[in-house]
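In what follows, chains carry the letters A, B, and so on, assigned in the order in which the sequence lines appear, proteins first and then strands, with residues in each chain numbered from 1.
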Amino acid sequence: MTASVAREEHVGPDGTMVRVRDLHKVFGRGHDAVHVLKGVDLDVARGSVTVVLGPSGSGKSTLLRCVNELEEITAGDIRVGGERMGYRTDAKGVVHRLHPRVVARQRSRIGMVFQRFHLFGHMTALQNVMEAPVQVRGLSKRAARTRAVELLDRVGLADRVDHYPAQLSGGQQQRVAIARALAMDPELMLFDEPTSALDPELVGEVLAVMQDLAASGMTMIVVTHEIGFAREVADHVVFMDDGVIVEEGAPADVLDHPAEPRLQEFLAHVL
Amino acid sequence: MESLPELLRARPVPRPGRWVSAAVVLVLAAMAVNALVTNPAFRWDTVWLYLRDVIVVRGVMWTLVLTFGSMAIAVVLAILLAVMRRGDNPVMKSVAWFYIWFFRGTPIYTQLVFWGLISVLYPRLSLGVPFGPEFFVFTTRDVITAFWAALLGLALNEAAYLAEIVRAGLSSVDPGQAEAARALGMKDGKILRRVVLPQAMRVIVPPTGNETISMLKTTSLVIAVPFTLELTYATSAIGSRTYQPIPLLVVAALWYLLITSLLMVGQHFLERHYGRGFDGGRTGRRAGRAPGAGPGGRGRLSRQQAIGAAGTTKDDPFLEVTP
């Protein structure tokens, strides 16, 4: 039912990069089932930065992981660049799961940065950044290397190309992870608490790279607790609590004049 | 290095027990060596003579072929079994479980005897449609010779053990690694080959080296097939023929020791290869020439290397040391 409503809306060409409609996610079955997302609607304009705030357990990360199909959604409809993620509905109205090959292609257009970096530990920074372009896109090693060096230079790590992740600080690792995601020329970048695992003094270098990226026109969804980043960089701020979006809008409105008591309470705690 | 204050020159705690125990063990070791060298019953001249005997050296060759051949087949099978067990197909999972249960649960000797008797149990083999027409028919005795029976018997048994080692290795890799690869658009097969397996090797190689060394000695059981060309049978045959069993046993033991030593060297290099990027940056050729100094990260690499080399810290890839 919800799927048919969403299908009638034509998305994509109007400048919407991400459109989420009535998204539900339930983990587990029966008595152990946990309803984590309870009907989320979200629009992200092309070239905009959306920051998702919320207490832990509010479903922020799950929302992000659903957009990238790292989690299978329970109900609803997610479109990125007008293309429905993970599913298709045939002429008779029957919903089909997309083939893993197609899902992999969809994911390859979306960059993801994780809280714990997840750099490939057995590869140098350069090899980490070259891996997906060579293995997924079939780029020549030479071309991938040139591009990887460029990207590592862009995140300020030109002198760290031959270092293994274990030889880099957390902030450096996260910047390599950003370069690795950018190497696939994504249309959309997802950041899942990118600075939460970092020492306080290393947070700034990662946020600076993200700010540069936003200025270059990248569409970004950022789950974070960095209110300062939200205020300075975000075009749109979303506050989630208990699986739903409680309040959203321009950063100045949401952060300085919160309407919802739950958001007021949250901001009082983090500011 | 900047100037240090006056160094702590503390006297160590006296530990006389260390000296006493070391002396006792040294004396015992000297007695053992003496007992070996001076006892004429070992006939060291005969040992030296047969160490280079043509039949013995040929036996060494066959033992090596059996060891490496069966390990190679077993590794491929084991990866297959481990992936089957970790997958979500219940048929694959059960079949892999049953295979491991069966081949670990029966003695290798029994299995080798069985493989030797296969041409009696199934005198002919055929290729064709299952339960349907046959296209090619072979005489089992022609296809599965004593050598192949021995090789298959060892390999199929070993695969069951290695499968569990591979499974443990695959489980040891942080699931975040596969997730990051998936997020980049890599497909399952590629994620396994490029991301998970290379890192699992760090855990897989040491016990597999152990298994290889164990296999070297297990090849002496292929007399059960019977296959009679490998080292143990070759030397004991000479021993019986010349009425000198003890020197020939020593010949075999020395060869096994030599091969084991070479295997250990090989294992060392394999471990170093698959340990690259881990072990606090001590390993891997690239790390060696990577610049340690640079703006913002002054001396980080050498610092981490020094801390890692001391061996007093926990090996944690997420260890945060702020420069």
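Taking chain B as the reference chain and counting heavy-atom pairs below 4.5 Å, the highest number among A:Ser108, A:Pro133, A:Ala181, A:Gly156 is found for A:Ser108. No other option in B:Lys187, B:Met201, B:Glu179, B:Met186 has as many heavy-atom pairs under 4.5 Å with chain A as B:Glu179. Highest contact tally toward chain B, considering only A:His122, A:Met184, A:Arg180, is held by A:His122 [criterion: heavy-atom pairs under 4.5 Å].
With no hydrogens or angles considered, no side-chain donor-acceptor pair links A:Asp162 and A:Thr124 at under 3.5 Å.
The salt bridge (Lys or Arg N to Asp or Glu O under 4.0 Å) test with A:Glu83 singles out one residue from A:Arg105, A:Arg19, A:Arg107, and that residue is A:Arg105. With respect to A:Pro194, the side-chain contact (heavy atoms from CB on, under 4.5 Å) criterion is satisfied by exactly one of A:Arg175, A:Met210, A:Gln115: A:Met210.
Proximity to chain B is limited to the side chain of A:Glu131, based on heavy atoms less than 4.5 angstrom apart. Of the two parts of A:Leu119, only the backbone, made up of N, CA, C and O, holds a non-hydrogen atom closer than 4.5 Å to a non-hydrogen atom of chain B. Interface remark: A:Phe120 contributes backbone and side-chain atoms alike to the contact with chain B (heavy atom separation under 4.5 Å).
Taking a cutoff of 4.0 Å between a charged side-chain nitrogen and a carboxylate oxygen, B:Arg182 and A:Glu69 do not qualify as a salt bridge.
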Requested in this report: Show the numbers, then the answer: is there a side chain to side chain contact (heavy atoms under 4.5 Å, CB included) between B:Ile108 and B:Leu154?
Outcome: CA-CA 7 Å; B:Ile108 174 71; B:Leu154 292 172; 4.2 Å; yes
